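Data block below; observations after.
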Amino acid sequence: MPSAPEEGQSTALARNAVDCLPEGALAEKLDAARKDGRRLRVKLGIDPTAPDIHLGHAVVLGKLREFQDAGHLVVLIVGDSTAQVGDPSGRSTLRPMLSLQEIEANAQTFQDQALRILDPDPERLEVRRNSEWLGLGMTEVLRLMRTTTVAQMLERDDFAKRWSQAQPISMLELMYPLLQGYDSVAVRADLELGGTDQKFNLLLGRDIQRAYGQPEQAIMTMPILVGVDGRQKMSKSLGNHIGITDSPEEMYGKTLSIPDEAMGDYYRLLLHREPPTELGPRDAKRLLARELVGWLHSPEQAQAAEAHFDRVFVEREAPEQIEEASVQAGRDGMVHLPDVMAQALGISRSEARRLIEQGGVSLDEIPLSAGELDVAVDRAQGAVLKVGKRRFRRLRVS
RNA sequence: GGCGGGGUUCCCGAGCGGUCAAAGGGGACGCGCUGUAAACGCGUUGGCUCUGCCUUCGCAGGUUCGAAUCCUGCCCCCGCCA
């Protein structure tokens, strides 16, 4: 049995985790590592299938950071090779194929963004690409494939579900968990983290390590964070994400838009504490938004973001900083608004017309009426164009 | 290899010769309301030189006064059997 300090440490490190398996394995590993005077190698693999990291990733990255702060080494694997395969976890259909260029670009931003949360100290962080070792020859691939049976693969839920519903499962998808397991072999992981949807893959990594004569990693799964819709998991493709590089204003506003019920999860998983009971939901959420912006940007920017939000959405005034849009006057000395909006906002002229039609556009606080598509130069010059609730442009007639 | 089912607007999905820029849902956007970029309600959701015109229903041809709807060929996807 591990001694008390590791027991305590492992409990602390496993906080918020859904699974930490096998039972007691983490404490044992911490204990053994301490005795040998070495650090644990804590693995996380992320496939650069989308260009940005969001708060969902931040849950797991934050946990990794705790391991770093406890003196361990995080091995961050940017899955540039596996991204070409596509993780079938939680998927009901085959992922689309990404081009190498896209993957490379994503890989770079991923790495940069992850460092906003992780400690970059080389003693604490090792960043690897799995293309370093996944250029396997056929012999090696066959050896890898021999470690696992079809029955084992079909045990996993998403495959089982698809299988029973006679949905397709591609060979490529079957291959994915094996490659992820091979990553664990390549970096000799002591522990691998992931979301709960990764449980199968993480556990399979153990079997593969064993087959390669390595000690098996422990695994830890973290809860999946819901997106700003409060229903589905946070994901870029569902458009319900808060990116960790979102601007302070955007991050603040998106946070306030999460349903009250989701607040607890955000507090626990991202800020590692219970939501304040002494505050009402409104203030608790405002505090949450400030803290998140403070964490990923800075406390000063958090204050500014809140002030901006109050000004624009509570007081309904124009923000202090407004982007300029230079516009041309027509031959008749009028400014054609659909044109201006199309150019400045990247929408179609038809859409711009519709917005005006529906009373969604105002010029210096005065709503435009339906059909008011052209405006005199004097009125446009220097005026603030407001489209919807949150898009502002100061017009500069040239 | 054989048999069968499909490819529709951002997504899912109806339509199966005119009344179709195409039902319904989701999402997004706008307005109202609100502590909120929430919830709820109403509305909008191909483009444009906008009471009309142009382009869209896998691709290419064809039939027809008229095609998302019928025919031919091609491409792609799915299932079953082997």
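These numbers were taken from a predicted model, which means no experiment stands behind them. Just so it is clear: chains get the letters A, B, ... in the order the sequence lines come, proteins before strands, and each one is counted from 1.
The only option from A:Arg206, A:Gln198, A:Gln180 that meets the side-chain hydrogen bond (donor to acceptor under 3.5 Å, both in side chains) definition with A:Glu192 turns out to be A:Gln180.
Atom CZ of A:Arg311 sits in a crowded spot, with more than 12 heavy atoms from other residues, nucleotides or ligands closer than 6.0 Å. Within 6.0 Å of the NZ atom in A:Lys199, the count of heavy atoms belonging to other residues, nucleotides or ligands does not exceed 12. Around atom CD of A:Gln343, no more than 12 heavy atoms belonging to other residues, nucleotides or ligands sit under 6.0 Å away.
Searching all strands for a Watson-Crick or G-U wobble partner of B:rA60 with both distances below 3.5 Å returns B:rU72. When Watson-Crick and G-U wobble pairs are counted only if both distances are under 3.5 Å, B:rG17 pairs with no nucleotide at all. Look at B:rU55: it lacks any Watson-Crick or wobble partner with both distances under 3.5 angstrom. For B:rG24, the paired nucleotide is B:rC12, the pair qualifying as Watson-Crick or G-U wobble because both relevant distances are below 3.5 Å. Pair assignment for B:rG79 gives B:rC3, based on Watson-Crick or G-U wobble hydrogen-bonding distances that are each under 3.5 Å. Pairing of B:rG43, defined by two Watson-Crick or G-U wobble distances under 3.5 Å, is identified with B:rC29.
Within the nucleic acid shown, A:Arg231 has no heavy atom closer than 4.0 Å to any nucleic acid atom.
Checking the phosphate oxygens (OP1, OP2) of B:rU36, no side-chain nitrogen or oxygen of A:Ser257 falls inside 4.0 Å. In this model, the phosphate group of B:rG46 is not approached by any side-chain N or O of A:Ser350 to a distance below 4.0 Å at OP1 or OP2.
The side chain of A:Lys285 lies closest to B:rG35, out of B:rG47, B:rG35, B:rG30.
Heavy-atom nearest nucleotides on RNA chain B were determined for A:Pro281 and for A:Pro259, and the one closer to the 5' end corresponds to A:Pro281. For the pair A:Val387 and A:Val228, both in contact range of RNA chain B, the more 5′-proximal nearest nucleotide belongs to A:Val387.
Here B:rA38 presents its C1' atom at 10 Å from CE of A:Met263, a figure rounded to the nearest Å. B:rC10 atom P lies 13 Å from atom CD of A:Glu351, rounded to whole Å. A straight line from CD1 of A:Ile347 to P of B:rU45 spans 14 Å, rounded to a whole angstrom.
Nucleotides B:rU55 and B:rG46 have their C1' atoms positioned 8 Å apart, rounded to a whole Å.
Side-chain N/O atoms of A:Lys285 and A:Thr255 include no donor and acceptor closer than 3.5 Å.
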